[in-house]
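Remarks on the structure that follows.
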4 protein chains.
Amino acid sequence: MSPRTEEQFELIRQEKRQLIMDTALELFAASGFENTTITQIAKKAGISKGLLYNYFISKEELLEAILNKGIDDMLAGFDPNKDGILDNMEMEFFITQTFRMIKENRKMWKLYIAISFQPSVYKVIENRSKELYEPMVRMMNNYFQDNRFENPQIETFMFSALMDGIAMDYIMAPDIYPVDDVVKELINRYCKQK
Amino acid sequence: MSPRTEEQFELIRQEKRQLIMDTALELFAASGFENTTITQIAKKAGISKGLLYNYFISKEELLEAILNKGIDDMLAGFDPNKDGILDNMEMEFFITQTFRMIKENRKMWKLYIAISFQPSVYKVIENRSKELYEPMVRMMNNYFQDNRFENPQIETFMFSALMDGIAMDYIMAPDIYPVDDVVKELINRYCKQK
Amino acid sequence: MSPRTEEQFELIRQEKRQLIMDTALELFAASGFENTTITQIAKKAGISKGLLYNYFISKEELLEAILNKGIDDMLAGFDPNKDGILDNMEMEFFITQTFRMIKENRKMWKLYIAISFQPSVYKVIENRSKELYEPMVRMMNNYFQDNRFENPQIETFMFSALMDGIAMDYIMAPDIYPVDDVVKELINRYCKQK
Amino acid sequence: MSPRTEEQFELIRQEKRQLIMDTALELFAASGFENTTITQIAKKAGISKGLLYNYFISKEELLEAILNKGIDDMLAGFDPNKDGILDNMEMEFFITQTFRMIKENRKMWKLYIAISFQPSVYKVIENRSKELYEPMVRMMNNYFQDNRFENPQIETFMFSALMDGIAMDYIMAPDIYPVDDVVKELINRYCKQK
DNA sequence: GATGAATGAGGATTCATTCAT
DNA sequence: TATGAATGAATCCTCATTCAT
């Protein structure tokens with residue numbers, strides 16, 4: 001009856017932590033952060049409330065962990081620091097990649113947007129958000145400048161709005177929104193030779 | 001010292017009701033529905049909690065009233081039941097009008113979107129939302145068909161995404177977003193003779 | 001059915017606040033701060049838990065209020081800032097007064113001492129304590145100097161220890177400790193012409 | 001690699017048990033019994049929570065063990081059952097010895113006093129306390145009677161109060177309290193030929 | 001109409017203790 | 001012997017709502 005090894009414990013911790021985060025995200029996305037109780041999360045995850053607090057020091061820290069993980073995944077998913085000139089292929093890849101990530105992390109993004117609409121409450125994600133958005137915007141701006149769009153500034157706003165709008169509409173109604181067709185059209189407009 | 005007439009009382013009631021709604025909206029938009037307490041609203045409105053419940057039977061009904069008022073205003077602001085053919089001028093008017101309403105009711109829209117991201121809460125306004133969206137979508141669809149856009153179906157999705165995205169981006173950062181310029185460009189693209 | 005006047009509300013608040021403090025002190029003194037629950041206090045006071053939090057923002061703030069009130073009472077009970085020369089009568093008055101206050105506020109002092117033994121936890125009363133002790137010690141020192149005791153410094157320590165020890169022993173066993181006799185002896189020793 | 005003998009195991013057990021008690025005392029004295037968690041104790045002692053429960057069946061039993069050990073030490077430190085006549089030397093020895101023990105077990109005494117101020121907790125050590133106090137009081141009484149103090153009864157109360165008060169004041173501020181000087185004066189007053 | 005004291009159900013969090021390994 | 005994940009009862013605290021005045 002020797003005790004578990006360090007590795008065994010670590011494995012247990014990793015798995016349980018992920019289980020809690022997944023379960024919480026599910027519920028947060030469905031009902032919102034405030035409308036989800038720790039009891040609900042614990043019950044759905046099949047663990048006790050106490051154990052949850054063994055992994056996250058508070059409900060809010062659990063939220064942060066989920067959002068940070070989501071942002072990390074997004075950042076890892078593409079290279080936004082592309083400083084050189086983006087050609088059409090690369091832009092197409094960026095768009096495809098972005099929506100692939102959004103589709104894979106739909107619930108996280110739903111939560112993320114919901115939280116973003118309460119800035120005074122959740123300054124938590126403010127900094128992480130900038131990490132994500134600023135390089136993206138810079139990249140878009142470069143693209144529209146380099147590819148001689150008429151008004152790169154405004155084009156960036158329009159394109160961003162399109163990305164955001166498509167993402168939003170898709171997230172709101174994932175089952176019926178023809179996201180692939182719309183994205184294809186988006187690529188058509190922005191990544192083809194003029 | 002003549003006693004107030006029935007109408008005067010009614011007027012006072014209406015004004016107080018509106019005061020409560022305005023105050024609540026302010027707070028809901030800033031911190032979210034769940035993070036705003038009845039006590040906060042009453043204090044900011046300068047009335048007692050008891051009186052607030054004289055005007056609204058519950059916190060949720062107060063929310064509904066605010067959202068319904070917002071949707072009513074929006075519906076009143078344009079004629080979405082336009083069945084005939086929309087010409088470019090009319091489309092331009094629709095866009096201008098829409099963003100004028102959004103700018104005027106920014107906080108209400110912020111609240112509205114935040115609520116929309118919580119399905120379990122969203123049911124409160126689900127039906128009213130459809131009242132607003134469905135005719136809009138029908139109208140857009142008609143416009144793109146009538147004006148011989150290549151793929152009216154997809155065009156409607158793209159255009160809606162643009163509208164939603166611009167609105168969202170503006171609402172998120174109203175102080176720095178160049179909404180007028182972006183909307184002008186939107187009109188340029190969609191309301192000019194081909 | 002006109003609402004209560006400001007004064008009526010204020011009266012209610014004063015009385016209820018005092019009721020809560022009295023009840024809490026009773027329990028804190030009997031079982032200690034940590035071993036007393038808000039539920040116990042509320043039940044004993046005949047009110048709801050919620051109401052308690054209408055008067056005190058936290059359990060700890062309730063403790064502070066009780067201790068501060070006790071210290072205020074003590075400070076009001078005698079003039080520790082006596083800078084001039086204390087004669088025997090005045091010293092006798094000081095001793096008598098002190099023990100009168102201790103007897104009247106026995107439970108508060110029990111709580112106060114118990115709390116004092118956890119300095120790392122309750123820095124709360126540190127400052128207030130100084131307010132109370134420092135002038136007392138200064139006064140004693142003056143007395144022993146002015147009245148030509150052999151070693152005023154050490155005499156102050158001895159006298160303080162006696163006061164503290166008597167108070168402590170009395171508080172521990174108020175029903176059987178002959179505090180009046182002991183205090184009489186104390187006065188005999190320290191306030192009679194040599 | 002010879003297997004440890006039974007005695008070696010027992011020795012290890014004793015040492016670990018003592019380590020836990022020392023660690024716990026440290027924390028109990030600093031923050032109080034209730035404010036110290038088992039987790040804190042285990043972490044500071046460098047062992048697991050489970051192991052701690054291998055040595056003590058409950059947190060309360062750990063407290064009892066600490067206090068009992070302290071009382072045992074105290075009892076072993078002097079002979080309170082002196083039935084014959086105590087001379088001045090012996091009284092001096094008693095006082096010196098007592099404060100030497102208090103200084104050596106300062107934290108234990110801090111805890112002991114803190115506990116004593118919570119009747120509902122005090123029962124844990126009530127009986128052991130009597131074992132310690134009653135013979136002491138009897139001894140003092142005898143001394144004052146035998147040495148023809150005017151009012152031995154009251155003198156016992158005064159002397160006890162002095163002992164308690166000095167101990168208390170020292171324990172409260174061990175770093176600045178001139179305990180040696182004060183004790184010397186105490187001896188001066190009570191152990192010198194009249 | 002108007003007030004704010006009062007309620008109590010419900011939520012987040014803590015922690016002594018257990019137990020599989 | 002030794003580990004720390006896991007439990008759940010208990011605790012503090014919140015807040016929408018009610019109600020006597």
Side-chain angles (χ1 to χ4, degrees), chain A residues 1-6 8-13 15-17 34-42 46-60 62, chain B residues 4 9 12-13 16 34-43 47-60 62, chain C residues 1-6 8-13 15-16 34-42 46-60 62, chain D residues 4 9 12-13 16 34-43 47-62:
Chain A
M1 303 263 227
S2 50
R4 287 192 185 86
T5 64
E6 185 74 23
Q8 284 174 311
F9 278 130
E10 187 55 27
L11 185 64
I12 290 175
R13 284 192 72 81
E15 283 175 354
K16 198 115 310 181
R17 197 179 153 89
E34 283 86 1
N35 297 307
T36 304
T37 71
I38 291 290
T39 303
Q40 283 168 6
I41 299 170
I47 61 169
S48 67
K49 271 184 289 186
L51 188 61
L52 193 150
Y53 281 92
N54 234 322
Y55 289 89
F56 300 93
I57 60 174
S58 70
K59 190 183 172 190
E60 206 152 313
L62 169 56
Chain B
R4 286 202 184 79
F9 273 125
I12 291 173
R13 264 195 83 80
K16 191 140 284 186
E34 284 87 0
N35 297 308
T36 303
T37 70
I38 291 289
T39 303
Q40 283 167 9
I41 299 170
K43 183 167 288 174
I47 62 168
S48 70
K49 272 187 284 187
L51 190 58
L52 191 151
Y53 277 89
N54 223 313
Y55 288 89
F56 300 93
I57 61 174
S58 72
K59 191 187 175 189
E60 209 158 293
L62 170 56
Chain C
M1 300 263 229
S2 50
R4 288 192 185 85
T5 64
E6 186 73 23
Q8 284 174 309
F9 278 129
E10 186 55 26
L11 185 64
I12 290 175
R13 284 191 73 80
E15 283 174 354
K16 198 115 309 181
E34 282 87 1
N35 297 308
T36 304
T37 71
I38 291 289
T39 303
Q40 282 168 9
I41 300 170
I47 61 168
S48 67
K49 270 182 290 186
L51 189 61
L52 193 151
Y53 283 92
N54 233 322
Y55 289 90
F56 300 92
I57 60 174
S58 70
K59 190 184 173 190
E60 206 152 312
L62 170 57
Chain D
R4 289 201 182 79
F9 274 124
I12 291 174
R13 262 196 83 80
K16 191 141 285 187
E34 283 87 1
N35 297 308
T36 303
T37 70
I38 292 289
T39 303
Q40 282 167 9
I41 299 169
K43 183 167 288 176
I47 61 168
S48 70
K49 272 187 284 186
L51 190 58
L52 192 152
Y53 277 89
N54 222 315
Y55 288 89
F56 300 93
I57 61 173
S58 72
K59 190 186 175 189
E60 209 158 292
E61 207 235 9
L62 170 57

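Numbers restart at 1 for each chain; the letters A, B, ... are given by sequence-line order, proteins then strands.
To the nearest 0.5 Å, atoms OG1 (C:T37) and NZ (C:K59) are separated by 7.0 Å. To the nearest 0.5 Å, atoms NZ (B:K43) and CD (B:Q40) are separated by 9.0 Å. Note that the OH atom of D:Y55 and the CD atom of D:E61 stand 13.5 Å from one another [nearest 0.5 Å]. Taken from CD1 in A:I38 to NZ in A:K49, the straight-line distance is 9.0 Å, to the nearest 0.5 Å. Within the model, atoms CD1 of A:I12 and CZ of A:R17 stand 15.5 Å from one another, a figure rounded to the nearest 0.5 Å. Taking CG of C:L52 as the reference point, atom NZ of C:K16 lies at 11.5 Å (rounded to 0.5 Å).
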- Take nucleotides 13-20 of chain E nucleotide by nucleotide from the 5' end and write B, S or -, depending on whether a protein heavy atom sits under 4.0 Å from the base, only from the sugar-phosphate, or from neither. BBBSBB--

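Of the two residues near DNA chain E, C:G46 and B:L52, the one whose nearest nucleotide lies more 5' is B:L52.
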- Query: How does DNA chain E look in dot-bracket notation if pairs are Watson-Crick or G-U with both distances under 3.5 Å, crossing ones as [ ], other-strand ones as |?
  - Reply: .||||||||||||||||||||

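With rounding to whole Å, A:K16 atom NZ is found 13 Å from F:dG4 atom C1'. Rounded to a whole Å, the CZ atom of D:F56 is 13 Å from the P atom of F:dT1. Taking atom CD of C:E6 as the reference point, atom P of E:dT3 lies 11 Å away to the nearest angstrom.
Residue D:Y55 is in sugar-phosphate contact alone, with no base atom involved, counting any heavy-atom pair closer than 4.0 Å across all strands shown. Within 4.0 Å (heavy atoms only), D:R13 reaches sugar-phosphate atoms of the nucleic acid but no base atom.
Take A:N54 and apply the side-chain hydrogen bond (donor to acceptor under 3.5 Å, both in side chains) test, not counting sequence neighbours, and it matches no residue.
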- Message: If you apply the rule side chain to side chain contact (heavy atoms under 4.5 Å, CB included), what do you find for A:Q8 with A:T5, and how did you get there?
- Response: CA-CA 5 Å; A:Q8 284 174 311; A:T5 64; 3.4 Å; yes

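In this structure, A:N54 does not reach the F:dA6 phosphate: none of its side-chain N or O atoms is under 4.0 Å from OP1 or OP2.
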